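The block underneath contains the structure these notes are about, expressed in structure tokens.
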Amino acid sequence: MLKFLFSNLLLCITLLASAQSDNTGKYLSQPLLSHIFTADPSAHVFKGRIFIYPSHDIESGAKEDDEGGHFDMKDYHILSMKKIGGKVKDHGVALDIKNVPWAGRQMWAPDAAYKDGTYYLYFPVKDKKDIFRIGVATSKKPEGPFQAEPEPIKGSYSIDPCVFNDTDGNYYMYFGGIWGGQLQRWPNNTYDAGAKLKNPGEVAHLPRVAKLNPDMKSFAEPVREVKILDEKGNLFLESNNDKRFFEAAWMHRYNGKYYFSYSTGDTHNLCYAIGDNPYGPFTYKGIVLKPVQGWTNHHSIVEVKGKWYLFYHDVQLSGKTHLRNVKVTELKYNADGTIQTIEP
Ligand code: FUB
């Protein structure tokens, strides 16, 4: 009898210990794949299938520095799945840095678009002078492989392109990221290597937008600033760093309104602001996703079969800032068009 009680006690202790070490329950959702590290998921529905265009995080051995030097990615893998919750397919290398003639280092967050039988992959990478530019590559298939253009998009700079296809057939590219993303170096669309981040009392740096030409490979106009206003109609100051733009722009349309969403970077929120046209101004409305595990917070918002989803990432698998894993969760709107804040 004593032996029986003792072995049951042992079993209970073992189960309790394994329940405590399995921390999957701490998270709203689980990584979509685990055989490679992926981040910055830009999701689209192409040919009735969900395609995800993420960064491919690796441990390259590059030293961690204040500019994100350890985010030293060298290629892109494209993922796809038939439905939310379905099996995720990794289509392998779609574009390698070796095949981008002008590239130096660090392939960061990409996006993709489709027009007239061609898929376009937009990607930021530092050029050989270590300045971030945005490149474009094309393919006849959403999963690639993609063929890069010989030069970056003329007039492009900084990081995190998001290409939005409006209902009238126009395409717009939103982009920019401060600090390691170098947006602060481009006042008035002109490069200034010495330009600094803003002081707390100054108006914060603004994200950028430009309409694309019909060729999808060039800007149709000078790059403009995207204004994000508070409820009183004022631009945010740098000291409002829990609300001001840092990086990771995304645009989607819901019920005829334009939703510009972005990361606040050093305060790790994913926020959104609503406007009446693709150029804005956009009025700040709140937080889409609270800080995730890890430093960066990056996302895309996409409609799949009448429901809306947030694709995002955290560092659940590695515990390391630069080795991230992509995830998805449902996103819900309130009747007034505001978004219900997600706790990751
Ligand atoms: O993946 C590298 C950078 O980290 C992205 O470009 C940023 O948005 C942040 O997620």
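As the structure lists them, so they are numbered: ligands from 1, and atoms in each ligand from 1. The structure presented is a predicted model; accordingly, all values stated were derived computationally and were not measured. Note that these values count all heavy atoms, side chains included, but never hydrogens, waters or copies made by symmetry.
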Let me see the working for His322 and Phe71 under side-chain contact (heavy atoms from CB on, under 4.5 Å), right down to the final yes or no. CA-CA 6 Å; His322 63 297; Phe71 291 90; 3.8 Å; yes

Please test Asp72 against Lys74 for side-chain contact (heavy atoms from CB on, under 4.5 Å), starting from the C-alpha separation and ending with a verdict. CA-CA 7 Å; Asp72 188 27; Lys74 297 184 189 307; 3.3 Å; yes

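Between the choices Thr321, Asp160, Ile159, Asn297, the shortest heavy-atom distance to atom 6 (O) of ligand 1 belongs to Asp160.
Ligand 1 has no atom lying under 4.0 Å from any heavy atom of His322. For the ligand labelled ligand 1, residue Arg324 lies inside the 4.0 Å heavy-atom shell.
Those atoms of ligand 1 that come under 4.0 Å of a heavy atom in Thr296, given as number and element, are 4 (O), 9 (C), 10 (O). Below 4.0 Å from some heavy atom of Met73 lie the following atoms of ligand 1, by number and element: 1 (O), 2 (C). Against a heavy-atom cut-off of under 4.0 Å, Ala109 is close to the following atoms of ligand 1: 6 (O).
For a threshold of 3.5 Å applied to N or O pairs, the pair formed by His298 and ligand 1 contains at least one separation below that value.
Looking only at heavy atoms of the protein, atom 3 (C) of ligand 1 is closest to Trp108 CE3, 3.8 Å. Counting only heavy atoms of the protein, atom 1 (O) of ligand 1 lies nearest to Asp40 OD2, 2.5 Å. Looking from atom 9 (C) of ligand 1 to the surrounding protein, the closest heavy atom is Glu247 OE2, 3.4 Å.
Note on Asp75 versus Lys98: no salt bridge recorded, every NZ/NE/NH1/NH2 to OD/OE distance being 4.0 Å or above. A salt bridge is absent between Glu238 and Lys196; no separation between the charged side-chain nitrogens and carboxylate oxygens falls under 4.0 Å.
Classification of the Trp308-Tyr333 ring pair by plane angle, with boundaries at 30° and 60°, yields perpendicular.
Proximity of a side-chain donor or acceptor of Asn213 to a complementary backbone N or O of Asp215 within less than 3.5 Å is not detected.
Tyr262 and Leu237 fall into different hydrophobic clusters, where Ile, Leu, Val, Met, Phe, Trp and Tyr are joined by side-chain heavy atoms under 4.5 Å apart, directly or via other members.
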